[in-house]
Amino acid sequence: MSYLKSLSASIMLATALTACSEPENSSDNATHSPQATENQPIQTEQYSLENWPKLAPAFPKDEKLEARIAALLSQMTLEEKVGQMMQAEIKSITPEEVKKYHIGSILNGGGTFPNNDKFATPDDWRQLADAYFTASMDTSDGGVAIPIIWGSDAVHGHNNVIGATLFPHNIGLGAARDPDLIRRIGEATAREVAVTGVDWTFAPTIAVVRDDRWGRTFESYSEDPEIVAAYAREMIKGIQGDKNTEEFLDGRHLVSAAKHFVGDGGTTRGIDRGDTQVSEKELAEIHAAGYFTALESGVQSVMASFNSWNGKRLHGHKYLLTDVLKERLGFDGFVVGDWNGHRFVDGCSIDSCAAAVNAGLDMFMITSEWKALLENTLAQVKSGEIPMSRIDDAVSRILRVKIRAGLFERDRPLAGKNGILGSPEHRAIAREAVRKSLVLLKNNDQLLPVDARQKILVAGDGADNISKQSGGWTISWQGTGNTAEDFPGATSIYTGIKQAVDAAGGQVVLREDGALAPEDFAGEKPDVAIVVFGEDPYAEWHGDLASIEFQLGSKQDQELLQKIKAQNIPVVSVFLSGRPLWVNKELNLSDAFVAAWLPGSEGAGVADVLLTDAEGNKRYDFTGRLSFSWPELVHQTVINRDDEEYAPLFSYGYGLDYASDVQLANNLNEDGESYVDGALEDAWLMVSRPQAPWKLFIADGEQDPVWVSGNLASSADDNITVASIDMLSQEDARALTWKGLRAGSVVLETQKPQDLSRYLNEGAALTMDIRIDEAPVAPVFAQISCAGEACNGALPLQSTLQALPQGDWSQVTIDLQCFAKAGADFSKVSQGLSLHSEGKLAMAVANIKFVPGAAEQAQIRCGS
Ligand code: BGC
Ligand code: BGC
């Protein structure tokens with residue numbers, strides 16, 4: 001077994017857990033947010049409301065409304081009141097329980113459907129909504145009838161429902177620079193949601209994203225408050241209706257949630273749920289800009305953010321939630337938490353968090369543990385830990401919104417009008433949005449528009465792939481696991497191209513890998529190739545990146561472009577992505593390059609702009625302009641319009657049209673290695689999922705490696721199994737099981753060896769969260785290895801793992817020097833980590849990374 005040959009006998013692992021500092025308390029690292037290892041955050045306790053505008057309340061005080069609220073409140077028991085403050089996930093609560101516990105709200109998370117059925121029809125949705133509503137109004141056990149409010153993430157259309165119109169994600173809308181379009185999209189989305197009986201959408205996201213490595217960059221309109229503020233105003237008008245008219249919350253218009261308050265787009269290194277370390281002035285002027293206009297439009301709910309501001313979690317931030325949002329900014333709706341987000345507040349757990357209520361949180365998004373949280377909150381009110389006045393305020397706010405939204409009367413003019421979902425009118429708006437979102441970055445020799453009468457090769461794995469063009473938050477949470485059948489009524493980019501070419505009398509052939517068959521174009525060379533490629537879907541932290549290099553380590557799309565170029569066929573690249581990425585190599589290989597973002601269900605909008613009509617004339621021009629700066633160098637991870645030294649490749653506002661005659665040189669800097677000139681940051685091998693360039697494989701004995709791409713994979717006889725599991729949030733960890741039939745490994749590997757010597761030199765440690773479910777019975781090794789001979793370093797790990805508490809998460813940290821001393825050559829690492837077991841073992845791992853400077857505190861150390 002070659003693996004064992006490479007084991008160095010000289011390992012100093014007797015030091016395991018002896019020379020070490022105390023392992024971290026496992027509850028301390030009960031956060032997947034890498035900030036736990038960051039330097040101490042700046043403490044800013046010197047707040048000043050002067051940093052915030054003093055806003056007039058959106059609604060003058062309505063005495064009749066307030067009297068109705070007071071009357072309801074006076075009849076409610078404490079149990080009923082606290083019940084109103086709970087929002088449970090539909091998977092975890094029945095209508096019967098809603099009635100019994102007087103629950104105020106439910107949600108369906110991304111990828112949760114009525115009856116657990118992905119293909120649930122609009123009628124299924126509506127019937128379930130009716131069942132919860134009826135239960136909430138049922139007073140047969142006594143109590144006050146208060147309608148439940150159902151919230152859902154309709155973030156680019158009613159994206160959890162099969163057949164809904166899917167609009168471009170926000171980043172594409174930002175490029176469209178069209179506030180009126182945004183209002184119409186909000187309106188169309190609300191109508192589609194209303195059909196299904198859902199009352200409330202958790203949208204819009206009005207984050208102002210500063211570091212594009214954040215996995216939610218695509219949910220943001222812009223890096224600059226200018227567009228975010230203009231859009232927030234209109235999107236909320238669209239969803240809720242104009243507050244000065246009869247249409248406001250009329251059942252065709254629904255409750256909106258501005259999210260995530262506040263600073264979600266400003267976290268250090270773009271880490272999801274991380275810490276936003278900025279001054280109060282910057283927080284207000286940059287990150288909160290969208291809230292001022294959202295409030296002006298009368299937004300009825302605001303979602304608290306997962307992130308911290310200078311080390312303090314928003315869910316427990318009384319100053320920001322109460323003093324700023326509710327008082328200074330005059331917000332009279334309610335603050336809802338994010339998915340169990342209260343648990344991260346100091347002193348809180350998932351089922352107990354008085355601090356969040358006291359800080360101003362009005363409704364907990366508590367998903368499954370609602371019963372325990374309900375009971376603990378009740379006890380905290382009884383003990384005086386939470387003042388009764390705070391409960392009354394929270395419930396009044398919830399009632400205010402429910403009354404304004406007409407939920408008591410349940411006037412639902414659109415419920416059951418299923419034809420509205422995915423209607424031609426709405427699809428037309430989405431297609432218009434696609435056209436307007438496209439940004440033309442390169443058009444050498446004015447290759448575009450493509451004459452649709454020509455011979456056109458269409459290639460790339462995004463060409464005929466509605467799932468890929470739709471991104472995350474599409475049917476499933478991550479946007480993964482969907483096929484063409486899941487998008488009735490939608491059009492891929494290729495379908496749109498084909499329609500245009502057929503109409504003009506040209507010829508089109510789709511070859512994903514660019515390889516022409518002899519019969520294609522009757523053996524003639526195509527005139528032009530349109531290659532559609534880009535990022536695969538992701539959501540939230542699953543999409544966080546360590547580097548902005550597109551396809552770091554795997555160059556499959558470059559190879560495709562090269563192959564086509566080599567035949568002297570002009571190349572139009574259509575790039576699908578949720579953010580600007582470093583694509584200099586791809587740009588150099590393209591004659592024209594279009595940033596198409598994540599267009600959604602109406603892929604035909606792309607061909608509308610790229611291809612001519614039957615006379616060879618352009619049909620639509622490019623009007624999209626960048627709302628994010630595009631990097632020129634691979635280390636430009638934080639590059640924003642207002643930077644003092646601003647040197648992007650394409651500036652904020654850039655975008656060519658058919659009148660422009662601009663040649664872009666084909667020799668853009670391709671030196672991706674220059675990235676390491678920057679400050680050394682954590683190198684993530686796996687955070688929720690493997691981080692590029694690393695991929696996860698099972699290497700079981702002599703068998704071919706099994707690539708782990710979905711959430712479950714195993715080798716022959718299920719000897720080794722890798723399954724996605726939840727540590728803190730959905731699918732953020734992997735369970736690794738060895739049956740012990742053969743020795744074998746689970747490996748994070750890259751095709752392109754990585755030079756990681758700086759990590760070794762800068763005192764980095766390998767850190768990972770581990771939970772032992774069944775302790776190892778035979779030797780286990782952790783190995784870092786390289787492509788060549790005699791450069792592998794393996795450390796015995798069995799006793800370390802045996803010493804860990806079973807069933808609990810703990811962090812294991814190993815000085816990288818230990819691997820070097822065991823023989824690992826860090827200048828060309830191809831296996832960032834391999835876990836090898838010779839016998840039976842069941843464990844889970846999460847958050848695998850190299851953390852600079854962490855060696856000194858490592859549990860397993862080997863001196864320098
Ligand atoms: C996200 C929110 C979303 C909520 C409900 C959270 O994880 O951060 O944006 O509204 O889940 O799905
Ligand atoms: C839900 C998402 C949510 C996420 C947060 C998922 O299970 O479907 O809506 O945002 O968990 O952890």
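Given the structure is predicted, the values throughout are model-derived calculations rather than measurements. First listed ligand is number 1; within each ligand, the first listed atom is number 1. Note that the numbering runs from 1 along the sequence shown for the chain. Atoms considered below: every heavy atom in the structure, side chains included; atoms not considered: hydrogens, waters and symmetry mates.
Listed by number with element, the atoms of ligand 1 under 4.0 Å from a non-hydrogen atom of F202 are 10 (O). Counting atoms of ligand 1 from 1 in the listed order, those under 4.0 Å from a heavy atom of M303 are 10 (O). Those atoms of ligand 1 with a heavy atom of K259 less than 4.0 angstrom away are 2 (C), 3 (C), 9 (O), 10 (O). Each of the following atoms of ligand 1 lies closer than 4.0 Å to a heavy atom of L107: 5 (C). Ligand 1 places these atoms under 4.0 Å from at least one heavy atom of F306: 7 (O), 8 (O). Atoms of ligand 1 lying under 4.0 Å from any heavy atom of D153, numbered from 1 in the order shown and given with element: 3 (C), 5 (C), 10 (O), 12 (O). Near R216, meaning under 4.0 Å from any of its heavy atoms, are these atoms of ligand 1: 1 (C), 2 (C), 8 (O), 9 (O). The atoms of ligand 1 that sit less than 4.0 Å from any heavy atom of H260 are 2 (C), 8 (O), 9 (O).
Salt bridge annotation for E187-R191: absent, with no cationic side-chain nitrogen under 4.0 angstrom from a carboxylate oxygen. For R400 and D362, the salt-bridge test fails: no basic side-chain N is under 4.0 Å from an acidic carboxylate O. Between D486 and K118 a salt bridge is recorded (basic side-chain N to carboxylate O distance below 4.0 Å). Salt bridge annotation for R213-D544: absent, with no cationic side-chain nitrogen under 4.0 angstrom from a carboxylate oxygen. Under 4.0 Å is where a charged nitrogen must lie from a carboxylate oxygen, and between D346 and K312 no such pair does.
Between W477 and ligand 1 there is no heavy-atom distance shorter than 4.0 Å. Residue contacts with ligand 1 include R273, since one of its heavy atoms falls under 4.0 Å from the ligand.
Between N108 and ligand 1, no pair of N/O atoms sits closer than 3.5 Å. Considering both main-chain and side-chain atoms, E540 comes within under 3.5 Å of ligand 1 through a nitrogen or oxygen pair.
Considering only heavy atoms from C-beta on, F202 comes within 4.5 Å of K259 through its side chain.
Considering N340, D338, T367 only, the shortest heavy-atom separation from atom 11 (O) of ligand 1 involves D338.
In this pair, F334 and W200 present their aromatic rings perpendicular. The plane angle is above 60°, beyond the 30 to 60° band. Note: F364 and H342 have perpendicular aromatic rings, judged against thresholds of 30 and 60 degrees for the angle between ring planes.
Annotation for D117: atom CG counts as buried by contact number, over 12 foreign heavy atoms lying within 6.0 Å.
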